[in-house]
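Report on the structure given below.
Residues: numbered from 1 along the sequence shown.
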Amino acid sequence: LIAERERTYSEGNLIEHGDVPGVEYETAYDFVLNLSEAKIESAKGIPVQAQTVEIQSVPRRMIFAHPPSKITYDLTIEPKSSLAFAIGILPAAWDKIPQGVKFDIDVVSEGIAESLFSRVLMPKRNFGDRGWHNFILPLEKFSKKTVSVRFSTSGSGDDLSYCWSAWGWGKIVKLLD
């Protein structure tokens with residue numbers, strides 16, 4: 001009975017929280033597929049790399065980015081575009097991570113950096129931080145501009161052990177006409 005409850009609980013936390021782009025969107029740019037074009041900064045010996053994970057038996061591409069890391073892409077934002085992505089900490093680290101991971105997204109346009117997103121996940125302390133958390137953020141104010149989109153991870157404390165953080169299926173999506 002206990003094993004069944006734990007298995008169900010674990011699987012239940014692998015659900016996705018938040019919205020994902022529907023059929024009304026098309027992908028304009030895929031950050032995972034274009035990782036080789038990004039400028040990557042990370043701690044020595046800790047790679048930032050594309051991987052595949054399964055969420056409820058559905059394989060998804062993501063970028064493993066143990067803190068501290070910065071991944072910067074230069075691209076032009078098309079009209080009617082949004083940034084669709086997920087954040088998460090890999091399940092094997094949920095009960096081991098001593099503190100948490102801070103996820104930030106900044107957009108640099110015309111030399112000015114603007115914070116687009118910031119969130120801390122602490123899955124050991126907060127069960128609601130387990131699983132994948134999806135977001136869709138409008139990019140209309142950057143329409144027709146060439147910008148730098150910077151994805152950063154940092155620790156929420158000094159101990160970075162088990163900060164197995166990931167950016168899931170990041171894309172620039174465009175609303176279909």
- Item | Under 3.5 Å donor-acceptor, N34 side chain and E37 backbone | no

- Message: Using the ring pair (Phe, Tyr, Trp, His ring centres under 6.0 Å) criterion, which residues pair with F135? Sequence neighbours excluded.
- Response: F85, F117

- Message: How long is the straight-line distance from NZ of K141 back to CG of L116, given to the nearest 0.5 Å?
- Response: 8.5 Å

- Using a distance-only test with no angle check, is there a side-chain donor-acceptor pair under 3.5 angstrom linking N134 and W169? yes

- Query: Under a single-linkage definition using a 4.5 Å side-chain heavy-atom cutoff for Ile, Leu, Val, Met, Phe, Trp and Tyr, are L160 and F103 assigned to the same hydrophobic cluster?
  - Reply: no

- Message: Show the nearest heavy-atom pair for residues P47 and F64, with the distance to one decimal.
- Response: O-CD2, 3.7 Å

- Query: Is any side-chain heavy atom of L83 closer than 4.5 Å to a side-chain heavy atom of I105?
  - Reply: yes

- Message: Can you give me the closest heavy-atom contact between R130 and H133, atom names plus distance?
- Response: O-NE2, 3.5 Å

- Message: If you define the side chain from C-beta out and look only at heavy atoms, does anything of W132 sit under 4.5 Å from I87?
- Response: no

- Query: Do Y29 and V48 share a hydrophobic cluster, counting only Ile, Leu, Val, Met, Phe, Trp and Tyr and linking them when any side-chain heavy atoms are less than 4.5 Å apart?
  - Reply: yes

- Task: Can you tell me which residue pairs pass the salt bridge (charged side-chain N to carboxylate O under 4.0 Å, His left out) test with a partner in residues 153-164, sequence neighbours excluded?
- Result: none

- Query: Nearest 0.5 Å, what's the CH2-NZ distance between W164 and K96?
  - Reply: 5.5 Å

- Interatomic spacing from CD1 in I136 to NZ in K171 - rounded to 0.5 Å: 11.5 Å

- Item | Neighbour count above 12 (heavy atom, 6.0 Å) for Y162 OH | no

- Task: For T52, enumerate each residue passing the side chain to side chain contact (heavy atoms under 4.5 Å, CB included) test, keeping only those at least two apart in sequence or located in another chain.
- Result: P59, R61

- Query: Where is the tightest heavy-atom contact between A65 and S165, given as atom of each residue plus distance?
  - Reply: O-OG, 2.6 Å

- Query: Roughly how far apart are D177 CG and E24 CD, rounded to 0.5 Å?
  - Reply: 13.0 Å

- Query: With K124, which residues qualify under side chain to side chain contact (heavy atoms under 4.5 Å, CB included), at least two apart?
  - Reply: I97

- Message: Treating W167 as the side-chain partner and M62 as the backbone partner, does any N or O pair qualify as donor plus acceptor under 3.5 Å?
- Response: no

- In terms of hydrophobic clustering (I, L, V, M, F, W, Y; side-chain heavy atoms under 4.5 Å; direct or indirect links), are I63 and L90 co-clustered? yes

- Query: Can R119 and D129 be counted as an ion pair, charged N to O under 4.0 angstrom?
  - Reply: yes

- Query: Within a strict 4.5 Å, meaning less than it, do heavy atoms of the S118 and K102 side chains meet?
  - Reply: yes

- Specify the closest pair of heavy atoms between G100 and C163, including all atoms of both residues, with the distance to one decimal. O-SG, 3.8 Å

- Under the side-chain contact (heavy atoms from CB on, under 4.5 Å) criterion, do E114 and S109 qualify, and how do the steps go? CA-CA 8 Å; E114 180 178 328; S109 176; over 6 Å; no

- Heavy-atom pair of closest approach, residues P98 and R125: O-NH2, 3.6 Å

- Task: Examine L137 and I71 and state if one hydrophobic cluster contains both, with Ile, Leu, Val, Met, Phe, Trp and Tyr joined whenever side-chain heavy atoms are less than 4.5 Å apart.
- Result: yes

- Listed by chain and number, what are the side chain to side chain contact (heavy atoms under 4.5 Å, CB included) partners of I46, not counting sequence neighbours? A43, H66

- Query: Can you name the nearest heavy-atom pair linking L121 to G88, along with the distance?
  - Reply: CD1-CA, 3.9 Å

- Message: I need the E78 CD to L75 CG distance, nearest 0.5 Å.
- Response: 9.5 Å

- Item | Inter-residue atom distance I172.CD1 - S82.OG, 0.5 Å rounding | 8.5 Å

- Item | side-chain contact (heavy atoms from CB on, under 4.5 Å) between W94 and I89, intermediate numbers included | CA-CA 7 Å; W94 289 347; I89 295 175; 4.3 Å; yes

Do any side-chain atoms of residues 143-151 form donor-acceptor pairs under 3.5 angstrom with protein atoms, and if so which ones, sequence neighbours left out?
from : atom 1 : to   : atom 2 : distance (Å)
T146 : OG1    : T76  : OG1    : 2.8
S148 : OG     : D74  : OD1    : 2.4
R150 : NH2    : D106 : OD2    : 3.4

- Query: Can you get from F142 to Y73 by hopping between Ile, Leu, Val, Met, Phe, Trp and Tyr side chains that sit under 4.5 Å apart?
  - Reply: yes

